[in-house]
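As the structure is a prediction and not an experimental result, all values here were calculated from the model. Here is how names work: the chains are called A, B, and so on, in the same order as the sequence lines, proteins then strands, and each is numbered from 1. Heavy atoms only: backbone and side chains are in, while hydrogens, waters and symmetry mates are out.
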Amino acid sequence: MKPLTLAALLGLAAVAGTAQAADPNLARNLAATCANCHGTNGRAVEGAGLDPLAGLDKAKILQKLADFKSGVKPATIMHQIAKGYTDEQLDLIAGYYAAQK
Amino acid sequence: MMLMKRRDFLKAGAAATALASLYGCAGGTRASGHVVVVGGGFGGATAAKYLRLWSEGGIQVTLVERHAEFVSCPISNLVIGGVKTLADITVPYDNLRNRWGIRVIQDEATGIDAGKRTVKLAKGGELSYDRLVLSPGVDFLWDQIPGLAKADAQARILHAWKAGPQTVALRQQLESMADGGVYALSIPKAPYRCPPGPYERACLVASYFKQHKPRSKVIVLDANEEVVSKKGLFIKAWDDLYKGIVEYRHNSEVKDVDAGSATAILEFDKCKADVLNVVPPQRAADLAARTGLKLINNRWVDINWLTMESANTPGIHVLGDAIFPAPTMPKSGHMANQHAKLAAAAIINLLAGQEPNPAPVVMNTCYSFVDPKNVIHVASVHQYDPATRLVQPVKGAGGVSAARNEVEGKVALGWAKNIWADMLG
């Protein structure tokens with residue numbers, strides 16, 4: 001096994017946080033839990049007043065989520081929801097939405 | 001008898017190939033097969049769409065739904081309060097057909113043969129499936145309120161707990177009621193569909209009375225010991241906004257009804273109303289029990305939280321209000337949408353010969369209007385716990401609004417537009 005592949009696999013295992021192998025679609029599945037409000041694949045209904053997430057910069061999404069989690073950024077509900085996900089899960093979610101064009 | 005073979009279906013669904021470009025390029029093992037979805041509500045419609053989206057068109061999907069259009073229970077209390085119309089909460093199935101290549105059949109599933117993997121339809125014929133998604137909602141336990149056993153009594157004493165004609169009919173009863181009248185709302189013991197829904201309804205009817213019929217009263221007959229959801233926020237709304245209009249009575253289970261005089265009969269008391277609205281006790285739709293699915297407390301379907309598959313009947317995945325919920329999980333449209341995505345992901349893996357995702361997550365948000373502009377929420381996030389094999393609420397996450405506010409009034413309407421698009425857009 002090439003070192004790079006091994007590293008990638010180890011990274012994946014760390015992300016899953018369990019002894020079992022992570023589902024390759026874990027990021028997609030986690031991101032879909034946000035779609036009720038933020039639209040299928042992050043494409044929110046225009047004019048409905050909720051933030052679309054598709055194609056946003058990953059670092060910006062992560063910073064916003066971190067600020068919700070810490071309470072730095074005031075929110076009606078996102079401070080309560082962000083705390084329900086691990087940092088690894090939020091990283092996967094942000095990466096998934098950033099990749100949506 | 002028509003037996004729908006998968007091959008015939010593929011021929012019929014010629015649109016599927018043309019749709020392939022919509023899904024982007026496929027990678028890895030592609031799932032294929034035919035999934036029948038019974039019930040086109042928040043659970044079933046979402047499952048149908050996400051099975052097509054995530055299998056990149058590889059799985060054929062047939063959705064069986066009684067009604068021609070989807071009518072949303074969330075926001076329907078605004079119709080009862082006179083703020084919205086039925087058209088505002090109605091969404092067609094056109095996109096599921098035309099955009100996603102789903103075969104939508106307006107019919108009722110009358111029976112399921114889990115061994116042969118077939119679904120019998122009321123209008124005749126059968127559908128065969130590789131996997132079945134059952135999102136049938138709730139049926140009412142009319143036997144627990146004998147006076148409502150007959151159709152004419154049910155036509156007079158409404159539930160309006162399934163959005164549609166009853167929603168409009170209840171609105172008409174409230175409009176016809178003279179000022180100084182009494183609207184009484186009976187709430188069954190939990191669990192029932194939409195825990196905060198009855199309290200929201202009490203608020204919106206009270207709001208209508210306050211503006212148009214100020215001498216009228218709202219009496220809430222709650223079978224529960226206390227307000228089941230968002231307790232402090234609802235009580236504060238009644239105290240601040242509807243003093244002298246809303247009267248809340250706990251431990252007030254309605255045992256029977258005299259439909260002719262619109263009288264609710266409690267154990268030691270009676271309550272005569274001008275408009276009596278009874279939300280009856282509920283259980284998983286009868287089709288679940290008839291199919292032989294294992295129920296808990298003889299009411300709710302026992303499922304596996306990695307797949308939403310019935311605990312005793314392989315190949316049948318059950319969603320939404322019909323299931324026995326995980327700890328603190330409400331029976332809500334939002335949660336049914338989340339169940340649907342969990343099930344869709346698992347079904348696609350299983351049909352491709354792969355294990356289901358070992359770490360599913362679901363979450364809930366629920367907005368309630370306490371007047372036409374101000375809203376309160378409750379939210380929760382639930383992560384799969386291998387030790388208990390349940391999705392458990394994450395400690396320290398979730399919660400309720402600090403106070404009712406107009407910002408969330410706008411968010412609640414935006415939520416509705418987005419979730420309707422997520423399931424039907």
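Within the structure, every pair that satisfies the ring pair (Phe, Tyr, Trp, His ring centres under 6.0 Å) test and touches residues 336-365 of chain B, not counting sequence neighbours, is listed here: B:W305-B:H339. Within the structure, salt bridge (Lys or Arg N to Asp or Glu O under 4.0 Å) contacts touching residues 374-393 of chain B (residues at least two apart or in different chains) do not occur. Within the structure, every pair that satisfies the side-chain hydrogen bond (donor to acceptor under 3.5 Å, both in side chains) test and touches residues 416-425 of chain B, not counting sequence neighbours, is listed here: A:T40-B:D422, B:Y50-B:D422, B:S72-B:W420, B:N337-B:D422, B:K341-B:D422.
With a 4.5 angstrom heavy-atom cutoff, B:F42 does not touch chain A via any of its atoms. Both the backbone and the side chain of B:H334 come within contact range of chain A, each with at least one heavy atom under 4.5 Å from a heavy atom of that chain. For chain A, no part of B:K395 is nearby; none of its heavy atoms comes within less than 4.5 Å. Interface residue B:N349: only side-chain heavy atoms are found under 4.5 Å from chain A. For B:P360, no part sits under 4.5 Å from any heavy atom of chain A, backbone or side chain.
For chain A, the option among B:G396, B:G398, B:A397 with the highest count of heavy-atom pairs below 4.5 Å is B:G398. Ranked by heavy-atom pairs under 4.5 Å with chain A, the list B:V394, B:V411, B:L413 is led by B:V394. Interface check for chain A: of the options B:V400, B:L342, B:N405, B:I348, the most heavy-atom pairs under 4.5 Å are formed by B:V400. Put simply, of A:N29, A:N25, A:N41, the one with the most heavy-atom pairs under 4.5 Å next to chain B is A:N29.
Listed here is the closest heavy atom pair of A:V45 and B:A421: CG2-CB, 3.5 Å. Considering every non-hydrogen atom in both B:T307 and B:H317, the closest pair reads O-ND1, 2.8 Å. A pairwise comparison of heavy atoms in A:L30 and A:T33 identifies O-OG1, 2.7 Å as the closest pair.
Under the 4.0 Å criterion applied to side-chain N and carboxylate O atoms, A:K58 and A:D91 are assigned as salt-bridge partners.
The SG atom of B:C366 sits 3.5 Å away from atom NZ of B:K230, with the distance rounded to the nearest 0.5 Å.
Among the residues in residues 61-79 of chain A, those with a non-hydrogen atom closer than 4.5 angstrom to a non-hydrogen atom of chain B are A:T76, A:I77.
For the residue pair B:H382 and B:Q338, no side-chain donor N or O sits within less than 3.5 Å of a side-chain acceptor on the partner.
Counting heavy atoms from C-beta outward, B:V391 and B:V361 have side chains that stay 4.5 Å or more apart.
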